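Source: prediction; values computed, not measured.
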Amino acid sequence: MKDILKKLRKYEIRIRKALNSHMQGDYHSIFKGSGLEYDDVRAYQYGDDVRTIDWNVSAKGHGTFVKTFREEKEQNVFLILDVSASQEIGTKGRQKMDISKEISALLAMSAIKENSQVGLICFSDQKEKYVKPGKGMKHSFSLVNEIFKLVPQSKKTALSKAFRFTNQLLKKKSIVILISDFIDEDYQHDLKGLAHKHDLIAIHISDIRETRFPNLGIIPIEDKESGRTLWRNTSSREFRKILDQTHGQKQADLEQFCKRNQTDYIKIQTDEDYVPKLIKMFKVRNKAGKSG
């Protein structure tokens, strides 16, 4: 755990320095709320927006009152981490699961340093781990520990169930960071519901083996989630074409879906340095006036 924390701190310093140099020290705003929250009421004045009238207070017969708001200084950040067996692809120490856990822990630490409330759900086709939102360094270390010690009970995936659970759980608009390989079907409807209710970031983790399969002839291929062994001719042009088209089309569909639903999307390969991509995402969000 000491080595993991040392590595994550080094990455966080890189992100912080890069953002500070490009945003004139504005890193502190990255995980701050950009919205408004209810504060109090005051008497209605000519020119006030009628939509802000508090009808419950006004109905008491002492005049017309409007709601007043203040800038929301604190943000809720919620991490959704896919820990299904399809994440166990890649080289030792650089599997999709390893990268996903690192990014989750890094973003959790960064958000907590900015005084955000941070929660976590790890999922497969069931809830594997839920950590209630909290603040402070003790909570930060607890989150990182829970992420890295987790051994999932199920190998399967059900993205829709995870999205529905999160939507039901979060009553207040939050920054929701979803980290997954998105290898599943029929989850778009529930993902759309999550995107419309919250400020959603989709981090798509993939491995080169999913698109560039070696030419090895007829070999057994194990489906990580079902445990079934399938025999496939990897030399077949048709096999390679289907593999490339299926993976490429699914990625394109997901990226377009995110654009249509105001969701930030980044794709990260297991063999690349993911820090520059996270920095770029933060810069884009900062320019767009988003927090997170």
field: Ile203 and Ile103, any side-chain heavy atoms less than 4.5 Å apart
entry: yes

- prompt: Shortest non-hydrogen contact from Lys149 to Glu146?
  reply: CE-OE1, 3.3 Å

query: Hey, does Ser140 have a side-chain heavy atom less than 4.5 Å from the side chain of Met109?
result: yes

Residues Tyr187, Phe182; criterion side chain to side chain contact (heavy atoms under 4.5 Å, CB included); working and verdict: CA-CA 9 Å; Tyr187 60 79; Phe182 292 93; 3.7 Å; yes

query: Which value, rounded to the nearest 0.5 Å, describes the distance between Ser174 atom OG and Leu200 atom CG?
result: 11.5 Å

query: Does the side chain to side chain contact (heavy atoms under 4.5 Å, CB included) test come out yes or no for Glu102 and Lys7, once each step is laid out?
result: CA-CA 9 Å; Glu102 281 186 18; Lys7 182 178 183 180; 2.7 Å; yes

query: Does one side chain, of Gln126 or Ser154, offer a donor that lies under 3.5 Å from an acceptor on the other?
result: no

field: Any side-chain heavy-atom pair of Lys277 and Glu272 under 4.5 Å
entry: yes

- request: Mind running side chain to side chain contact (heavy atoms under 4.5 Å, CB included) on Gln117 and His139 for me, showing each step along the way?
  value: CA-CA 10 Å; Gln117 293 259 3; His139 183 66; over 6 Å; no

query: Given side chains that start at C-beta, do those of Leu178 and Asp82 come closer than 4.5 Å, heavy atoms only?
result: no

field: Heavy-atom side-chain proximity of Tyr44 to Phe65 below 4.5 angstrom
entry: no

- request: Consider only side-chain heavy atoms of I, L, V, M, F, W and Y, link residues closer than 4.5 Å, and tell whether Met137 and Leu79 are in one cluster.
  value: yes

query: If you round to the nearest 0.5 Å, how far is CG of Leu81 from CG of Leu120?
result: 6.5 Å

task: Give, for atom OG1 of Thr166 and atom CG of Leu194, the distance between the pair rounded to the nearest 0.5 Å.
output: 6.0 Å

message: Looking at Asp273 and Arg14, is there a salt bridge between them, counting it only when a charged N and a carboxylate O are closer than 4.0 Å?
response: yes

query: Is the backbone N or O of Val41 less than 3.5 Å from a side-chain atom of Lys67, with the two atoms forming a donor-acceptor pair by type?
result: no

message: I'd like to know whether Glu185 forms a salt bridge (charged side-chain N to carboxylate O under 4.0 Å, His left out) with Lys250, so could you lay out the CA-CA distance, the side-chain angles of the two residues, the decisive distance to 0.1 Å, and finally the verdict.
response: CA-CA 10 Å; Glu185 303 290 339; Lys250 284 191 173 183; 2.6 Å; yes

- request: Please assess Tyr11 against Tyr274 for the test ring pair (Phe, Tyr, Trp, His ring centres under 6.0 Å), listing each intermediate value before the final yes or no.
  value: CA-CA 10 Å; Tyr11 286 169; Tyr274 55 76; 5.4 Å; yes

message: Just by distance, no angles: are the side chains of Thr157 and Ser84 close enough, under 3.5 Å, to form a donor-acceptor pair?
response: yes

query: Would you say the side-chain atoms of Thr263 and Asn261 include a donor-acceptor pair closer than 3.5 Å?
result: no

- prompt: Once you round to the nearest 0.5 Å, how far does CD1 of Ile89 lie from OG of Ser206?
  reply: 10.5 Å

Atom pair CD1 (Ile80) and CD1 (Ile177), whose distance is rounded to the nearest 0.5 Å: 10.0 Å

task: Check Gln269 against Ile208 and note the closest heavy-atom contact, atom names and distance.
output: NE2-N, 3.5 Å

field: Expected output: side-chain Ser142 to main-chain Lys138 donor-acceptor under 3.5 Å
entry: no

query: How close do Asp271 and Arg94 get, heavy atom to heavy atom, and via which atoms?
result: C-NH2, 4.1 Å

task: Let me see the working for Phe78 and Val118 under side chain to side chain contact (heavy atoms under 4.5 Å, CB included), right down to the final yes or no.
output: CA-CA 6 Å; Phe78 203 77; Val118 181; over 6 Å; no

message: Side chains of Glu128 and Phe123, heavy atoms from C-beta outward: is any pair under 4.5 Å?
response: no

message: Could you check whether any side-chain heavy atom of Gln87 comes within less than 4.5 Å of a side-chain heavy atom of Ile99, counting everything from C-beta outward?
response: no

query: Going from CG on Asn145 to CG on Leu150, what distance comes out if it is rounded to the nearest 0.5 angstrom?
result: 11.0 Å

task: Just do the salt bridge (charged side-chain N to carboxylate O under 4.0 Å, His left out) check on Arg42 and Asp48 with the steps written out, would you?
output: CA-CA 11 Å; Arg42 62 165 172 78; Asp48 283 338; 2.9 Å; yes

Least distance between heavy atoms, Ser180 atom then Leu159 atom: OG-CD2, 3.8 Å

field: Partner of Val176 by side-chain contact (heavy atoms from CB on, under 4.5 Å), out of Asp199, Ile121, Ile201, Leu170
entry: Leu170

message: Given Ser100, which partner from the list Val83, Ile205, Ile268 fulfils the side-chain contact (heavy atoms from CB on, under 4.5 Å) test?
response: Ile205

- request: Work out which heavy atom in Gln251 is nearest to a heavy atom in Tyr265; give both atom names and the distance.
  value: CG-OH, 3.3 Å

Electrostatic pair Asp190:Arg164 at N-O distance under 4.0 angstrom: yes

message: Count I, L, V, M, F, W, Y as connected when their side-chain heavy atoms are under 4.5 Å apart, and connections chain through other members. Are Trp55 and Val66 then in the same cluster?
response: yes

query: What closest approach, in Å, do Val77 and Ala111 show between heavy atoms, and which atom pair accounts for it?
result: CG2-CB, 4.1 Å

Basic-acidic side-chain contact under 4.0 Å: Glu12, Lys113: yes

- prompt: Would you say the side chains of His204 and Asp181 form a donor-acceptor pair under 3.5 Å?
  reply: no

Crowding at NZ, Lys197 (>12 non-hydrogen neighbours, <6.0 Å): yes

